[in-house]
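Single-structure report; data block below.
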Amino acid sequence: MYQSLLFSHSILRWFVLASLFYSLYKAYKGYSSKLPFTKTDNAVRHWTATIAHIQLIFGILIYVQSPIVKYFWKNFKAGIENPEIAFFGILHILLMLIAIVLITIGSALAKRKLNDSDKFKTMLLWFSLALIIIFIAIPWPFSPLANRPYFR
């Protein structure tokens with residue numbers, strides 16, 4: 001089951017990234033062109049947050065089953081000294097939780113704004129911050145923190 005979750009989590013990351021990029025594109029276009037915030041824009045906002053939350057659930061399920069994380073917490077002193085083990089033991093989950101919180105806040109605030117321009121601006125700000133954190137927290141093949149392949 002662990003391997004299936006890990007595979008799903010790896011694939012789902014691309015949906016999170018695609019939805020964030022698309023949301024940011026729509027938000028930038030809407031804000032800069034002073035477009036109305038349509039039902040489609042609202043659906044993009046909503047589905048971006050939903051996809052991110054689904055990814056979070058997969059991530060938490062992996063976290064509680066991960067042999068790396070289990071080793072980290074049983075051997076904290078040794079684990080914290082190993083960059084890759086420390087990355088998966090604490091840094092990855094902490095940064096991703098922060099990113100999901102930012103997406104959630106941004107989505108909720110945008111939903112409640114009365115002005116269309118403010119909705120786009122709110123999405124643009126909060127989703128951009130989340131995307132930056134997500135890029136740092138993903139174990140890319142080129143990452144100095146911990147690296148994994150693009151696809152598991």
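- Between F88 and F72, the distance separating the two ring centers is not shorter than 6.0 angstrom.
- Across every non-hydrogen atom of S8 and F58, the tightest pair is CB-CE2, 3.5 Å.
- The shortest side-chain heavy-atom distance between I134 and M96 falls under the 4.5 Å cut-off.
- For the residue pair F127 and S107, the shortest heavy atom distance occurs at CE1-N, 3.8 Å.
- A donor-acceptor contact shorter than 3.5 Å links the side chain of H92 to the backbone of A137.
- Here the closest heavy-atom approach between residue I133 and residue I98 is recorded as CD1-CG2, 3.8 Å.
- Other residues, nucleotides and ligands place more than 12 heavy atoms under 6.0 Å from the OH atom of Y2.
- Residues H46 and T50 are in side-chain contact: their nearest non-hydrogen atoms beyond the backbone lie under 4.5 Å apart.
- Judged by a 6.0 Å distance limit and a 45° cone about the ring axis, R45 is not positioned over the six-membered ring of W126.
- With hydrogens and angles ignored, the 3.5 Å screen pairs no side-chain donor or acceptor of R13 with any backbone N or O of H9.
- Under the 4.5 Å side-chain heavy-atom criterion for Ile, Leu, Val, Met, Phe, Trp and Tyr, V101 and Y63 are members of the same hydrophobic cluster.
- The six-membered or imidazole ring of Y25 lies away from that of F21, with a centre-to-centre distance of 6.0 Å or more.
- The distance from atom CE of M1 to atom CD1 of I62, rounded to the nearest 0.5 Å, is 10.0 Å.
- Of the possible polar contacts, one joining the T104 side chain to the I100 backbone as a donor-acceptor pair under 3.5 Å is found.
- L131 CG to L17 CG: the interatomic distance, rounded to the nearest 0.5 Å, is 6.5 Å.
- Note on ring orientation: taking the six-membered ring where Trp is involved, the planes of Y150 and F142 are tilted (angle from 30° to 60°).
- The local environment of CH2 in W47 is sparse, with at most 12 non-hydrogen atoms from other residues, nucleotides or ligands closer than 6.0 Å.
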